[in-house]
Amino acid sequence: MDMKWFDDMEARIPKGKVRTRFAPSPTGYMHIGNLRTALYTWLIARHQDGTFILRIEDTDQERLVEGATEVIYKTLRECGLTWDEGPDIGGPVAPYIQTERRDTYGKYAELLVERGHAYYCFCEKTESEEESGNFERAADPCRSLSLEEAKARIAAGASYVIRQKIPAGGTTTFSDAVFGDITVDNDTLDDQILIKSDGLPTYNFANVIDDHLMGITHVVRGSEYLSSAPKYNLLYQAFGWDVPTYIHCSPVMRDAHNKMSKRHGDPSYQDLIAQGFLSQAVVNYVTLLGWSPRGEYSEQEFFSLEELSRVFDIGGISKSPAIFDIEKLRYFNAKYLRELSAEDFFALAEPYLQEAVKTPGIDLKLIAPLVQPRCDTLLDIAPQVDFFDALPEYSNELYCHKKMKTNEENSLEALNQVLPVLEGLTDWTYDTIHDALIGLAEKLELKNGRIMWPVRTALSGKAVTPGGAVELCHILGRDEALARIRKGITQLGD
């Protein structure tokens with residue numbers, strides 16, 4: 001075996017700073033737990049002025065989804081999680097796609113065989129058994145084959161996998177930054193497959209090889225992988241490599257008993273964006289699912305990504321599962337929407353306004369500031385503004401408002417008095433409309449609401465509107481506003 005090749009691979013490994021990696025499989029969408037892993041991985045690197053790496057793990061060819069890698073790129077960019085090395089930009093330990101590193105894994109597996117820490121297995125197993133490693137090592141006669149006999153079978157064309165050779169007896173201790181030290185009996189561990197019969201590595205083996213060769217110092221993954229962790233340690237020990245710092249995170253739950261699952265209708269990141277949530281709000285909220293700021297920031301809820309990179313520390317990660325609460329996310333999202341500048345809000349709101357208001361001549365830029373303080377998500381826009389396109393059918397009961405002291409009779413009187421005043425305006429601006437209506441209320445010695453409420457009702461046909469009578473008159477335009485007031489008079493008169 002050419003040891004110089006292995007020495008050259010070692011020489012390429014970057015050292016001297018924190019290096020983290022996000023290593024998703026391109027299987028379609030980005031679920032919330034996966035996004036949280038990406039966030040924590042990115043924050044650990046940025047907090048310690050380290051390097052964040054994107055690696056694509058595509059060895060499970062049956063589950064690959066076309067275009068999924070682009071979804072990963074798009075999601076990370078939208079969330080601000082820029083990477084320093086990756087498939088699209090390269091780096092000192094390229095390639096960053098596992099199938100492009102295929103030959104590497106086999107060499108390391110064969111090195112383990114030579115050292116007695118792995119063996120060639122010729123027993124017939126299904127692909128699912130290969131992938132899961134669900135195999136009783138005591139029942140495998142291949143463990144006792146000599147290396148020469150195994151190679152003779154391979155030369156004769158026998159199909160095989162390479163399995164890790166777990167030590168008989170004793171224990172293995174695994175250290176985790178969140179869960180502490182975990183010790184297991186080696187007899188409880190199975191001889192997991194390292195290289196499948198198609199020559200591709202299993203997830204567990206490829207991770208160990210790539211993490212070492214890429215100089216990864218901190219690995220963030222879900223707590224469901226804790227049971228595999230002792231086998232990682234045994235692999236590192238077999239190669240004589242340093243073990244990275246492992247951070248296993250408890251799952252994100254739908255409720256106290258069930259994990260979030262796309263199969264059960266729980267939203268992915270893409271779903272949340274389609275539901276009108278902002279990526280900044282999602283990032284802020286998801287970071288707090290299983291992590292709490294400490295010290296002077298312990299009471300703070302809202303963080304920019306830059307702030308998070310300054311205050312994020314591994315010690316704030318909880319062992320307890322986190323429950324995803326869509327209403328809490330709405331609370332976060334509402335604050336982010338309200339704090340946007342008028343220009344930034346309009347840029348986001350314009351497609352939703354265009355979908356809801358198609359009448360030519362209506363200035364959507366006048367509507368946007370009215371709905372901005374009244375939205376929890378961007379999907380809240382359309383139901384508030386659909387009346388601009390067409391006045392809905394409405395009941396005369398809307399004219400009755402206890403606080404405004406209006407009823408059907410005095411609302412009819414108010415509209416009859418408003419109509420000629422507005423018809424007499426030669427300049428249809430916000431100020432002229434405002435002054436005309438306020439002036440009318442003063443002239444009649446009425447409170448403003450006695451005039452404004454009937455006008456707003458006639459213009460919108462709704463009990464709740466963004467903006468009041470003056471704004472609605474101004475946005476609808478002279479002809480449409482007067483037509484709706486006339487209709488209100490007719491409806492109340494009937």
Item to check | Worked check of ring pair (Phe, Tyr, Trp, His ring centres under 6.0 Å) between Phe179 and Phe174 | outcome: CA-CA 10 Å; Phe179 289 88; Phe174 174 82; 9.9 Å; no
Test item: side-chain donor near acceptor, [X] and [Y], under 3.5 Å:
{"X": "Gln384", "Y": "Thr465", "value": "no"}
{"X": "Tyr105", "Y": "Asp210", "value": "yes"}
{"X": "Asp84", "Y": "Thr51", "value": "no"}
{"X": "Tyr225", "Y": "Asn204", "value": "no"}
{"X": "Asn333", "Y": "Thr377", "value": "no"}
{"X": "Asp344", "Y": "Ser341", "value": "yes"}
{"X": "Thr99", "Y": "Asp58", "value": "yes"}
{"X": "Asp435", "Y": "Thr432", "value": "no"}
{"X": "Tyr394", "Y": "Tyr399", "value": "yes"}

Checklist entry - Does the side chain to side chain donor-acceptor pair (under 3.5 Å) test come out yes or no for Tyr232 and Asn207, once each step is laid out? => result CA-CA 9 Å; Tyr232 302 147; Asn207 264 268; over 6 Å; no
Under a 4.0 Å N-O cut-off, is there an ion pair linking [X] with [Y]?
{"X": "Arg102", "Y": "Glu100", "answer": "no"}
{"X": "Lys487", "Y": "Glu480", "answer": "no"}
{"X": "Arg21", "Y": "Glu57", "answer": "no"}

Item to check | Short side-chain to backbone donor-acceptor contact, Glu471 and Gly468, under 3.5 Å | outcome: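 Checked: pair present.
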Item to check | Arg254 side-chain N/O to Ile323 backbone N/O, donor-acceptor pair under 3.5 Å | outcome: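 Not at all, since once roles are kept as given, no pair shorter than 3.5 Å links the two residues.
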Evaluate whether atom [atom1] of [X] has more than 12 neighbouring non-hydrogen atoms of other residues, nucleotides or ligands under 6.0 angstrom away.
{"X": "Glu397", "atom1": "CD", "result": "no"}
{"X": "Glu409", "atom1": "CD", "result": "no"}
{"X": "Asp242", "atom1": "CG", "result": "no"}
{"X": "Glu306", "atom1": "CD", "result": "no"}
{"X": "Glu445", "atom1": "CD", "result": "no"}

Item to check | Pairs where residues 358-387 contributes a residue and the test salt bridge (Lys or Arg N to Asp or Glu O under 4.0 Å) is met, not counting sequence neighbours | outcome: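 Residue pairs passing salt bridge (Lys or Arg N to Asp or Glu O under 4.0 Å), neighbours aside: Arg330-Asp376, Arg330-Asp380, Arg338-Asp376, Glu355-Lys358, Asp386-Lys462.
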Checklist entry - Does the separation of the ring centres of Phe324 and Tyr285 fall below 6.0 angstrom? => result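 Yes - the distance between ring centres of Phe324 and Tyr285 falls below the 6.0 Å cut-off.
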Next on the checklist: Is the distance from the ring center of Phe302 to that of Phe332 below 6.0 Å?
Outcome noted: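 For Phe302 and Phe332, the ring centres are under 6.0 Å apart.
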Checklist entry - Do Asp211 and Arg55 pass the salt bridge (Lys or Arg N to Asp or Glu O under 4.0 Å) test, and can you show the C-alpha distance, the side-chain angles, and the key distance before you say yes or no? => result CA-CA 10 Å; Asp211 286 346; Arg55 186 172 78 218; 3.0 Å; yes
Item to check | Residue of the set Phe303, Tyr40, Tyr297, Trp42 for which ring-ring contact (aromatic ring centres under 6.0 Å, His included) holds with Phe312 | outcome: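 So, applying the ring-ring contact (aromatic ring centres under 6.0 Å, His included) to Phe312 and each of Phe303, Tyr40, Tyr297, Trp42, only Tyr40 qualifies.
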Checklist entry - In chain order, what residues pass the side chain to side chain donor-acceptor pair (under 3.5 Å) check against Lys74, with sequence neighbours excluded? => result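 Listed in chain order: Glu78.
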Item to check | Test side chain to side chain donor-acceptor pair (under 3.5 Å) applied to Asp325 - qualifying residues, sequence neighbours left out | outcome: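 Partners of Asp325 under the side chain to side chain donor-acceptor pair (under 3.5 Å) test: none.
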Item to check | Residue pair Glu301, Lys328: steps toward the salt bridge (Lys or Arg N to Asp or Glu O under 4.0 Å) verdict | outcome: CA-CA 11 Å; Glu301 282 187 306; Lys328 187 66 181 284; 3.3 Å; yes
Next on the checklist: Assess the residue pair Arg486 and Glu423 against the criterion (salt bridge (Lys or Arg N to Asp or Glu O under 4.0 Å)); give the C-alpha distance rounded to whole Å, side-chain angles, the decisive distance to 0.1 Å, and a yes or no.
Outcome noted: CA-CA 11 Å; Arg486 292 186 190 107; Glu423 286 176 330; 2.9 Å; yes
Checklist entry - Please walk me through it: do Trp428 and Leu422 pass side-chain contact (heavy atoms from CB on, under 4.5 Å)? => result CA-CA 9 Å; Trp428 195 265; Leu422 293 182; 4.2 Å; yes
Checklist entry - What class does the angle between the rings of Tyr73 and Trp83 fall in, given that below 30° is parallel, 30 to 60° is tilted and above 60° is perpendicular? => result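 Parallel, since the angle between the ring planes stays under 30°.
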